[in-house]
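Labels below follow one simple rule: chain letters A, B, ... track the order of the sequence lines, proteins then strands, and each chain is numbered from 1. Since the model is a prediction, treat every value here as computed from it, not as a measurement.
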Number of protein chains: 2
Amino acid sequence: MNKKIEEEYLEMSEIFKALSHPTRLFIVNAIKDKRMSVKDLTKLVGVDISTISKHLTILKNSKIIKGEKEKNYIYYTLAIPCVLDFMSCAVNIINKNNK
Amino acid sequence: MNKKIEEEYLEMSEIFKALSHPTRLFIVNAIKDKRMSVKDLTKLVGVDISTISKHLTILKNSKIIKGEKEKNYIYYTLAIPCVLDFMSCAVNIINKNNK
DNA sequence: TTTCTATTTGGTAATTTTGCCAAATAGAAA
DNA sequence: TTTCTATTTGGCAAAATTACCAAATAGAAA
């Protein structure tokens with residue numbers, strides 16, 4: 001695997017890595033229909049707000065989600081809809097595995 | 001996030017985690033058209049054969065790939081074609097990020 | 001201005017992941 | 001049988017990930 005190819009797959013793996021945590025997948029699903037603030041998500045998930053903030057930073061850095069500021073809040077929405085297809089494919093795999 | 005939901009997203013995240021390494025993505029792409037042995041992949045990737053073997057175990061445990069034994073070799077193929085759609089969506093994200 | 005409120009950042013300890021080496025296995029070939 | 005060859009496993013050290021707490025920011029509200 002040469003340097004250029006290696007770099008390509010590394011970049012691709014970052015996307016998958018951003019999605020490889022249950023809380024981050026939950027967040028992606030939670031904001032798919034309606035935007036949510038850090039605080040909203042914190043309440044929904046039930047962990048420390050700093051933890052949620054860091055998860056959001058990871059998703060934002062991969063450009064999977066984006067945030068818009070409004071008053072004191074930052075509201076997050078999905079930036080890349082095809083991520084949802086990722087997830088339904090993953091569900092298919094799981095169903096296949098468990099049957 | 002209650003216990004049952006948490007469990008669901010955890011399971012889903014395992015799939016993404018299995019794909020969140022450049023070598024493993026390279027492997028998935030390499031075997032998409034023709035089956036390859038551990039040795040073939042080792043040559044192609046250029047790391048220790050034990051490292052490849054462990055990557056293959058991770059992919060196999062998530063049922064993303066499957067192996068068929070033949071003589072001394074184990075030939076691996078894709079078990080879940082929709083994984084390729086994952087990857088092209090990831091490429092889209094990357095292209096969007098870099099433009 | 002001062003006081004809240006939402007969010008981010010830094011630090012830290014616990015856990016997980018990774019890649020190599022060496023050794024073990026499994027089974028084909030001789 | 002013994003000798004190869006392909007693959008897996010165990011161990012270990014380095015690196016990365018994670019969650020919490022405490023403190024810092026940013027900016028709205030009073």
Side-chain angles (χ1 to χ4, degrees), chain A residues 1 3 5-7 9-28 30-31 34-62 64-77, chain B residues 1 3 5-7 9-28 30-31 34-62 64-77:
Chain A
M1 192 160 40
K3 208 74 180 170
I5 299 284
E6 159 85 37
E7 188 56 46
Y9 281 97
L10 182 64
E11 207 170 359
M12 213 184 307
S13 71
E14 305 288 358
I15 311 277
F16 287 98
K17 199 181 294 185
L19 292 167
S20 67
H21 190 285
T23 299
R24 293 198 289 271
L25 287 177
F26 179 88
I27 289 173
V28 165
I31 66 177
K34 92 189 212 303
R35 65 184 201 165
M36 288 205 172
S37 70
V38 185
K39 200 184 182 207
D40 291 337
L41 290 166
T42 299
K43 214 174 300 174
L44 222 50
V45 176
V47 297
D48 195 89
I49 194 169
S50 73
T51 301
I52 294 293
S53 175
K54 280 171 182 170
H55 281 310
L56 288 168
T57 299
I58 290 170
L59 289 168
K60 196 171 45 182
N61 286 345
S62 318
I64 293 170
I65 67 174
K66 55 173 187 273
E68 43 180 355
K69 201 157 196 172
E70 196 175 307
K71 299 214 178 166
N72 255 6
Y73 299 85
I74 300 177
Y75 291 100
Y76 284 94
T77 49
Chain B
M1 193 160 41
K3 209 73 180 170
I5 300 285
E6 158 86 37
E7 189 55 48
Y9 281 97
L10 181 64
E11 206 170 2
M12 215 184 305
S13 72
E14 306 287 0
I15 310 277
F16 287 98
K17 197 181 293 183
L19 292 167
S20 67
H21 190 286
T23 299
R24 293 197 289 270
L25 287 177
F26 179 88
I27 288 172
V28 165
I31 66 176
K34 90 188 212 305
R35 65 183 202 166
M36 288 206 172
S37 70
V38 184
K39 198 181 183 206
D40 291 337
L41 290 166
T42 299
K43 215 174 300 175
L44 222 51
V45 176
V47 297
D48 196 89
I49 195 170
S50 72
T51 300
I52 294 294
S53 174
K54 279 171 183 172
H55 282 310
L56 288 168
T57 299
I58 290 170
L59 289 168
K60 197 173 42 181
N61 286 344
S62 319
I64 292 169
I65 66 174
K66 57 173 187 271
E68 45 179 353
K69 201 156 197 176
E70 193 175 307
K71 296 212 175 167
N72 254 7
Y73 299 85
I74 300 179
Y75 291 100
Y76 284 94
T77 50

Close N or O pairs between protein and nucleotides 20-23 of chain C (under 3.5 Å):
unit_1: C:dC20; atom_1: OP2; unit_2: B:D48; atom_2: N; d: 3.3
unit_1: C:dC20; atom_1: OP2; unit_2: B:T51; atom_2: OG1; d: 3.2
unit_1: C:dC20; atom_1: N4; unit_2: B:K54; atom_2: NZ; d: 2.9
unit_1: C:dC21; atom_1: N4; unit_2: B:S50; atom_2: OG; d: 2.9

> Which residue pairs satisfy the side-chain hydrogen bond (donor to acceptor under 3.5 Å, both in side chains) criterion with at least one member in residues 12-23 of chain A, sequence neighbours excluded?
Replying inline: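 As it turns out, there is no side-chain hydrogen bond (donor to acceptor under 3.5 Å, both in side chains) pair with a partner in residues 12-23 of chain A once direct neighbours are skipped.
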Just grab all the side-chain hydrogen bond (donor to acceptor under 3.5 Å, both in side chains) pairs involving residues 38-48 of chain B, residues at least two apart or on different chains.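 As it turns out, the side-chain hydrogen bond (donor to acceptor under 3.5 Å, both in side chains) pairs with a partner in residues 38-48 of chain B, which skip direct neighbours, are B:S37-B:D40, B:D48-B:S50.
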Whole-Å distance between [N] [atom2] and [X] [atom1]?
| X | N | atom1 | atom2 | result |
| --- | --- | --- | --- | --- |
| B:M36 | D:dT7 | CE | P | 13 Å |
| B:I52 | D:dT8 | CD1 | P | 11 Å |
| B:I65 | D:dT7 | CD1 | P | 12 Å |
| B:K60 | D:dT9 | NZ | C1' | 12 Å |
| A:L41 | C:dT8 | CG | P | 11 Å |

Considering only distance and modelled atom types, tabulate donor-acceptor pairs under 3.5 Å from the side chains of residues 51-60 of chain A, sequence neighbours left out.
unit_1: A:H55; atom_1: ND1; unit_2: A:R24; atom_2: NH1; d: 3.0
unit_1: A:T57; atom_1: OG1; unit_2: A:S53; atom_2: O; d: 2.9
unit_1: A:K60; atom_1: NZ; unit_2: A:Y76; atom_2: OH; d: 3.4

Assign A:Y76 to base, sugar-phosphate, or nothing according to its heavy-atom contacts below 4.0 angstrom with the strands shown.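 The residue A:Y76 makes sugar-phosphate contact but no base contact.
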| query | What is the nucleic acid contact for A:I49, judged by heavy atoms within less than 4.0 Å: base, sugar-phosphate only, or nothing? | reply |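 Since a base atom lies under 4.0 Å of A:I49, the category is base.
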Is there a side-chain polar atom (N or O) of B:H55 under 4.0 Å from OP1 or OP2 of C:dT17?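 Answer is no, no contact under 4.0 Å.
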Item to check | For A:Y75, side chain to side chain donor-acceptor pair (under 3.5 Å) partners two or more places apart | outcome: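 For A:Y75 there are no side chain to side chain donor-acceptor pair (under 3.5 Å) partners, ignoring immediate neighbours.
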Residues which pass side-chain contact (heavy atoms from CB on, under 4.5 Å) with B:E7, listed by chain and number, not counting sequence neighbours =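 So B:E7 forms a side-chain contact (heavy atoms from CB on, under 4.5 Å) with B:L10.
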DNA chain C in dot-bracket form (Watson-Crick or G-U pairs under 3.5 Å, [ ] crossing, | inter-strand) is ||||||||||||||||||||||||||||||
What does the list of N/O pairs under 3.5 Å between the protein and nucleotides 27-30 of chain C look like, with a distance for each?
unit_1: C:dA28; atom_1: O4'; unit_2: B:N72; atom_2: OD1; d: 3.4

